[in-house]
Asker: 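Please read through the structure below; I'll follow up with questions.
These numbers come from the heavy atoms of this one structure, side chains and all, not from hydrogens, waters or symmetry mates. We number each residue from 1, following the sequence as shown. Everything numeric in this text was worked out from a predicted model, so none of it was measured.
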Amino acid sequence: MKKTGIFAVLIAAALATAAFAGCSDRNDSSSSDSITRPRTGENIPSETEPVGTNVINGELGKEITAKDTAFTLNSVVSTINSETGEHFIYMDITLRNSMSKEYTLSTLNNFYIELPDGSEVYSDVRTQLYAKQHFNDSKYYTDPFNIPSNGQFSGLIGGIVLVGDIKEFKLCFYPTEDDARAKGTVIKYDITASDIIDPPAEVLK
């Protein structure tokens, strides 16, 4: 009887230890989950203004300031693809960055052409391939291009392909700065045939 009583006590102690260990494991797991679980709102993209809600009318050759960007569209340059008859449109721009950090822009993300019927035309990689063959590397910049902090970028960029005999359109620029999605503001330029020039001699190879 004494032996039976001792065994009963040992078994009861073992079961109690196992039960305690099980509770301890559950508590540790719960604690670990609370540490590693993301806080509410983490990894959710920040909201931006609807695209193009703030329209600024620009004038060729005149500086426009939006946010921390001072932008000038110096000229609109056009060449003709001899094989297809398409017009390749490039932009000669100056952009001053008053921010304390550098950021990157591209023709594809920041520029487009709005046609008279309201349709939009965006960057075409063929224009960059053409420019690399025919334009001076010190004057032409392929995508993407960097805007230095507290500095200035100047050069020929683009371009965009226009099909047919289109002589009037709006050239549009999003001053997104360091947030490529921040397209609430757009600067629009009314371009006519008299505003479009051939590539200057210093641009050509």
Side-chain angles (χ1 to χ4, degrees), residues 51-52 54-66 69-97 103-147 152-177 180-183 185-205:
V51 174
N54 178 31
V55 177
I56 299 174
N57 294 317
E59 185 176 342
L60 195 66
K62 292 192 175 181
E63 184 176 84
I64 295 290
T65 300
T69 297
F71 178 78
T72 306
L73 178 63
N74 299 310
S75 62
V76 177
V77 176
S78 175
T79 62
I80 297 178
N81 183 335
S82 58
E83 296 180 358
T84 64
E86 297 167 314
H87 293 263
F88 289 179
I89 303 296
Y90 301 92
M91 294 77 73
D92 180 0
I93 69 169
T94 299
L95 196 153
R96 294 192 295 110
N97 172 19
Y103 57 82
T104 301
L105 300 181
S106 70
T107 307
L108 179 59
N109 186 66
N110 294 91
F111 291 85
Y112 68 95
I113 283 177
E114 182 180 311
L115 299 178
D117 64 2
S119 61
E120 297 174 354
V121 188
Y122 292 84
S123 175
D124 191 312
V125 69
R126 292 177 299 159
T127 63
Q128 297 201 37
L129 295 175
Y130 178 92
K132 290 296 289 180
Q133 292 179 335
H134 298 90
F135 294 166
N136 192 320
D137 291 339
S138 66
K139 300 293 184 181
Y140 178 78
Y141 296 84
T142 56
D143 286 346
F145 44 93
N146 295 325
I147 314 300
Q152 177 175 296
F153 171 92
S154 292
L156 193 67
I157 61 166
I160 300 171
V161 175
L162 292 183
V163 179
D165 190 25
I166 298 174
K167 296 181 179 179
E168 294 186 359
F169 54 85
K170 292 182 184 291
L171 185 61
C172 309
F173 168 64
Y174 293 117
T176 58
E177 299 177 343
R181 301 168 301 166
K183 296 183 177 181
T185 296
V186 59
I187 305 173
K188 295 188 176 185
Y189 297 83
D190 288 316
I191 303 299
T192 64
S194 61
D195 298 319
I196 303 171
I197 65 172
D198 294 328
E202 64 270 18
V203 169
L204 299 173
K205 286 186 175 180

Asker: If we only count heavy atoms from C-beta on, is the Thr79 to Phe135 side-chain gap below 4.5 Å?
Answerer: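 The answer is yes; the side chains approach within 4.5 Å.
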
Asker: Who pairs with Ser106 by side chain to side chain contact (heavy atoms under 4.5 Å, CB included), at least two apart in sequence or on another chain?
Answerer: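 With sequence neighbours excluded, Ser106 shows a side chain to side chain contact (heavy atoms under 4.5 Å, CB included) to Leu108, Asn109, Asn110, Asp143, Pro144, given in chain and number order.
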
Asker: Less than 4.5 Å apart, side chain to side chain, heavy atoms only: is that true for Leu95 and Phe173?
Answerer: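 They are in contact (side-chain heavy atoms under 4.5 Å apart), so the answer is yes.
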
Asker: Looking at every heavy atom in both Lys167 and Asp165, which two are closest together, and how far apart are they?
Answerer: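 Residues Lys167 and Asp165, closest heavy atoms: CE-OD1, 3.3 Å.
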
Asker: Any chance you could measure Ser75, atom OG, to Asp198, atom CG, to the nearest 0.5 Å?
Answerer: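 Here the interatomic distance stands at 11.0 Å.
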
Asker: Taking the side chain as C-beta and beyond, is there a heavy-atom pair between Phe111 and Leu105 under 4.5 Å?
Answerer: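 Contact flag for Phe111/Leu105 side chains = no.
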
Asker: The criterion is side chain to side chain contact (heavy atoms under 4.5 Å, CB included); which residues satisfy it with Ser119, sequence neighbours excluded?
Answerer: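 With sequence neighbours excluded, Ser119 shows a side chain to side chain contact (heavy atoms under 4.5 Å, CB included) to Leu115, Asp117, given in chain and number order.
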
Asker: Of Ile147, Thr176, Asn146, which meets side chain to side chain contact (heavy atoms under 4.5 Å, CB included) against Tyr103?
Answerer: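 The option that passes is Ile147.
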
Asker: Specify the closest pair of heavy atoms between Ser78 and Pro199, including all atoms of both residues, with the distance to one decimal.
Answerer: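 Minimum heavy-atom contact is O-CD, 3.5 Å.
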
Asker: Please report the C-alpha distance between Ile64 and Tyr189 in whole Å, then the side-chain angles of each, then the deciding distance to 0.1 Å, and finally whether the side chain to side chain contact (heavy atoms under 4.5 Å, CB included) criterion is met.
Answerer: CA-CA 11 Å; Ile64 295 290; Tyr189 297 83; 4.0 Å; yes

Asker: Judged by atom type as modelled, is there a donor-acceptor pair below 3.5 Å linking the side chain of Tyr174 to the main-chain atoms of Val51?
Answerer: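 Flag not set: sc Tyr174 to bb Val51 has no pair under 3.5 Å.
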
Asker: To the nearest 0.5 angstrom, please state how far the CD1 atom of Ile196 sits from the CG atom of Leu60.
Answerer: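 CG of Leu60 is found 10.0 Å from CD1 of Ile196.
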
Asker: If the condition is salt bridge (charged side-chain N to carboxylate O under 4.0 Å, His left out), which residues does Lys170 pass it with, not counting sequence neighbours?
Answerer: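 Listed in chain order: Asp190.
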
Asker: Quick one: pull up CD1 in Ile56 and NZ in Lys188 and give me the separation to the nearest 0.5 Å.
Answerer: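 Here the interatomic distance stands at 12.0 Å.
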
Asker: Do Asn136 and Glu202 have side-chain heavy atoms sitting under 4.5 Å apart?
Answerer: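 Asn136 does not reach Glu202 side chain to side chain.
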
Asker: Of all the heavy-atom pairs spanning Gly158 and Gln128, show the shortest one and how long it is.
Answerer: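 So the minimum-distance heavy-atom pair works out to O-CG, 3.3 Å.
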
Asker: Just verifying a value: how many Å separate Lys62 NZ and Thr72 OG1, rounded to the nearest 0.5 Å?
Answerer: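 Those atoms lie 11.5 Å apart.
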
Asker: Applying side chain to side chain contact (heavy atoms under 4.5 Å, CB included), name anything that partners Asp137, two or more places apart in sequence or on another chain.
Answerer: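 Once residues adjacent in sequence are excluded, the partners of Asp137 under the side chain to side chain contact (heavy atoms under 4.5 Å, CB included) criterion are Lys132, Lys205.
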
Asker: Can you list the residues that meet the ring-ring contact (aromatic ring centres under 6.0 Å, His included) rule with Phe88, with sequence neighbours excluded?
Answerer: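 ring-ring contact (aromatic ring centres under 6.0 Å, His included) list for Phe88, sorted by chain: Tyr130.
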
Asker: Would you name the heavy atoms of Gly159 and Thr127 that are closest together and state the gap between them?
Answerer: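 Gly159 and Thr127 have their closest heavy atoms at N-OG1, 2.7 Å.
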
Asker: Would you name the heavy atoms of Thr185 and Ala66 that are closest together and state the gap between them?
Answerer: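 Between these two residues, the closest heavy atoms are CG2-CB, 4.4 Å.
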
Asker: Measure across Thr65 and Ala70 and return the closest heavy-atom pair with its distance rounded to 0.1 Å.
Answerer: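 So the minimum-distance heavy-atom pair works out to OG1-CB, 4.1 Å.
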
Asker: Does the side chain of Ile93 come within less than 4.5 Å of Leu73's, by heavy atoms?
Answerer: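 Yes. Closest side-chain heavy atoms under 4.5 Å.
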
Asker: Kindly indicate whether the side chain of Met91, heavy atoms from C-beta on, has any atom under 4.5 Å from the side chain of Thr107.
Answerer: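 SC-SC contact between Met91 and Thr107 confirmed.
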
Asker: Atom CD1 of Ile187 and atom CG of Asn54: how far apart are they, to the nearest 0.5 Å?
Answerer: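 Spacing of CD1 (Ile187) from CG (Asn54) equals 9.5 Å.
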
Asker: Rounded to the nearest 0.5 Å, how far apart are CZ of Arg96 and OG of Ser154?
Answerer: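 Interatomic distance, Arg96 CZ to Ser154 OG, rounded to 0.5 Å: 10.0 Å.
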
Asker: Kindly indicate, with the supporting measurements, whether the criterion side chain to side chain contact (heavy atoms under 4.5 Å, CB included) is fulfilled by Thr69 and Glu177.
Answerer: CA-CA 7 Å; Thr69 297; Glu177 299 177 343; 3.4 Å; yes

Asker: Not counting sequence neighbours, list each pair that qualifies as a ring pair (Phe, Tyr, Trp, His ring centres under 6.0 Å) and has a residue in residues 152-171.
Answerer: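 Found Tyr141-Phe153, Phe145-Phe153.
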
Asker: If we ignore hydrogens and angles and just use 3.5 Å, is the side chain of Tyr140 paired with the main-chain N or O of Leu204 as donor and acceptor?
Answerer: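 Between the backbone of Leu204 and the side chain of Tyr140 there is no qualifying donor-acceptor contact (under 3.5 Å).
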
